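These numbers were taken from a predicted model, which means no experiment stands behind them. Per chain, numbering begins at 1; letters A, B, ... match sequence-line order.
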Protein chains: 2
Amino acid sequence: MSPTNSITSAQAGNEALPATKAGTQDVCATPEDPIDKVDPLDDPELAQATKALGNPTRIKIFRLIAERQTCITGELVAELPLAQSTVSEHLRILREANLIQGEIEGPRTSYCINQRVLAALKRSILEL
Amino acid sequence: MSPTNSITSAQAGNEALPATKAGTQDVCATPEDPIDKVDPLDDPELAQATKALGNPTRIKIFRLIAERQTCITGELVAELPLAQSTVSEHLRILREANLIQGEIEGPRTSYCINQRVLAALKRSILEL
DNA sequence: AACGTCTATCGTCGATACACGATAGATAAT
DNA sequence: ATTATCTATCGTGTATCGACGATAGACGTT
């Protein structure tokens, strides 16, 4: 088994958004996906992504992960005036929209931005 | 009184998003706001805008208005498999997020994209 | 004035979101 | 093996969403 186990949005019967084919590549490599080299999201994906961002706390969480490149759940809990379970729930929603990706690193989970989906979101919004 | 009365999102105690100073200009002029000449949305505005778009029906309504430049409520109702009151409710949500603007034209209401806020949204998303 | 048309709002209902505490599972340390 | 730590999930309660039909207000027409 690999030392770090990638956690994607495969639970809860939600696989609407295509996940990056993780396992073969480092999930948090942040290769700075160019906007015009990704396909835009289809409407259900776009709705899910914008819905996931449609909450001030989740926008803040997303920004925190983005500026730190990678982030542990506990760090986010420390930054936010919310219970650990609440933060974990917000992370789940961002994860199921494929906006972020989590890697289980020993006892903790490290999150990073899914650059490919973010680029696709940017392109989709620009095309509105 | 002016022949066309602009309807903005001033009701329901919601004026979080700054409205274009309508009345002095044609609301649906679509001057193609350049993205880098508008201020990005602040986080509550961004959350409200993305939340408003976070629904497949509202994305569809937004696209319909955008491609027709201007659109009557009844046209949208005719295009969608939803009750008139439901469509009107979706329009209210888009309106309160300032993504669209409505003008009362006699007995009907004509909607158009709020280009300034759309440009600000695009910029805000690009900066993520 | 009375009527028909168009659309926003109201009231209702079930489903979903959002917060929390409690619990459980995995891992590292003792 | 036991313990401690970290985080996801479960169960709960409240609030908001998303749909609808019914209603009301504004306007044009007769």
Side-chain angles (χ1 to χ4, degrees), chain A residues 1-14 16 44 47-48 50-61 65 70-97 100-111, chain B residues 1-14 47-48 50-61 65 70-97 100-111:
Chain A
M1 306 165 191
S2 56
T4 69
N5 206 345
S6 169
I7 170 177
T8 59
S9 57
Q11 76 280 16
N14 177 356
Q48 190 178 10
T50 51
K51 186 174 190 175
L53 285 177
N55 174 286
T57 297
R58 286 195 291 271
I59 289 181
K60 175 140 192 161
I61 290 175
I65 297 175
T70 186
C71 209
I72 298 300
T73 304
E75 297 180 283
L76 297 167
V77 173
E79 290 283 341
L80 297 164
L82 294 170
Q84 177 269 325
S85 59
T86 304
V87 174
S88 188
E89 172 74 358
H90 284 305
L91 287 169
R92 181 187 63 79
I93 291 168
L94 290 169
R95 212 172 56 221
E96 288 186 353
I100 63 173
Q101 288 167 296
E103 286 187 31
I104 299 172
E105 291 182 345
R108 58 205 87 187
T109 308
S110 172
Y111 283 98
Chain B
M1 308 163 189
S2 55
T4 70
N5 206 345
S6 169
I7 171 178
T8 59
S9 57
Q11 75 281 15
N14 177 355
Q48 190 178 10
T50 51
K51 185 174 190 174
L53 285 176
N55 175 287
T57 297
R58 286 195 291 271
I59 289 181
K60 174 140 192 161
I61 290 175
I65 297 174
T70 186
C71 208
I72 298 300
T73 304
E75 297 180 284
L76 298 168
V77 174
E79 290 284 338
L80 297 164
L82 294 170
Q84 176 269 325
S85 58
T86 304
V87 174
S88 189
E89 173 74 358
H90 283 305
L91 288 169
R92 181 186 64 78
I93 291 168
L94 290 169
R95 212 171 56 222
E96 288 185 355
I100 64 173
Q101 288 168 296
E103 285 187 32
I104 299 173
E105 291 182 345
R108 59 206 87 189
T109 308
S110 171
Y111 284 98

request  = Might you point out which heavy atoms bring B:A97 and B:A52 nearest each other, and give the distance in Å?
outcome  = CB-CB, 3.7 Å
request  = Please state how far atom CD in B:Q101 lies from atom C1' in C:dT7, giving the value in whole angstrom units.
outcome  = 18 Å
task = Specify the closest pair of heavy atoms between A:I59 and A:L53, including all atoms of both residues, with the distance to one decimal.
result = CG1-O, 3.1 Å
request  = Measure the distance from CG on B:L94 to C1' on C:dT7 and round it to the nearest whole Å.
outcome  = 16 Å
request  = Search all heavy atoms of A:R58 against all heavy atoms of A:H90 and return the closest pair with its distance.
outcome  = NH1-ND1, 3.1 Å
remark   = Whole-Å distance, A:E89 CD to D:dT14 P, equals 18 Å
query = With distance as the sole criterion, is a donor-acceptor pair present between the side chains of A:T109 and A:T73 under 3.5 Å?
reply = no
key: Any donor-acceptor N/O pair, B:T50 side chain to A:K51 backbone, under 3.5 Å   = no
ask   = What does B:S88 touch in the nucleic acid at a heavy-atom separation under 4.0 angstrom: a base, only the sugar-phosphate, or nothing?
value = base
query = What integer distance in Å separates A:L82:CG from C:dC18:C1'?
reply = 10 Å
task = Produce a footprint string for nucleotides 21-26 of chain D: one letter per nucleotide, 5' end first; B if the base is under 4.0 Å from any protein heavy atom, S if only the sugar-phosphate is, - if neither.
result = BB----
inquiry  = Distance check, rounded to the nearest 0.5 Å: B:R95 atom CZ versus B:E89 atom CD?
reply    = 9.5 Å
ask   = Rounded to the nearest 0.5 Å, how far does CG of A:L94 lie from CD of A:Q101?
value = 12.5 Å
inquiry  = Using whole Å, what does the distance between atom P of nucleotide C:dC6 and atom CG of B:L91 come to?
reply    = 16 Å
ask   = Going by number, which of residues 50-60 of chain B have a non-hydrogen atom under 4.0 Å from DNA chain C?
value = none
remark   = Value for NZ (A:K60) from CD1 (A:I65), rounded to nearest 0.5 Å, stands at 13.0 Å
query = Rounded to the nearest Å, what distance is computed from the CD atom of residue B:E75 to the P atom of nucleotide C:dT5?
reply = 18 Å
query = If only side-chain N and O atoms of A:R108 are considered, is one of them under 4.0 Å from the OP1 or OP2 phosphate oxygen of C:dG25?
reply = no
query = Think A:Y111 has a side-chain N or O under 4.0 angstrom from the OP1 or OP2 of D:dA8?
reply = yes
Over all atoms of both residues, closest heavy-atom pair of B:I100 and B:Y111 = CD1-CD2, 3.6 Å
message = On the nucleotide C:dA19, are OP1 or OP2 found under 4.0 Å from the side-chain N or O atoms that A:H90 carries?
response = yes
query = Tell me: CD1 of B:I72 to C1' of C:dT5, nearest whole Å?
reply = 13 Å
key: Protein-nucleotide distance (B:E103, atom CD; D:dC27, atom C1'), rounded to Å   = 16 Å
ask   = If only side-chain N and O atoms of B:R92 are considered, is one of them under 4.0 Å from the OP1 or OP2 phosphate oxygen of D:dG18?
value = no
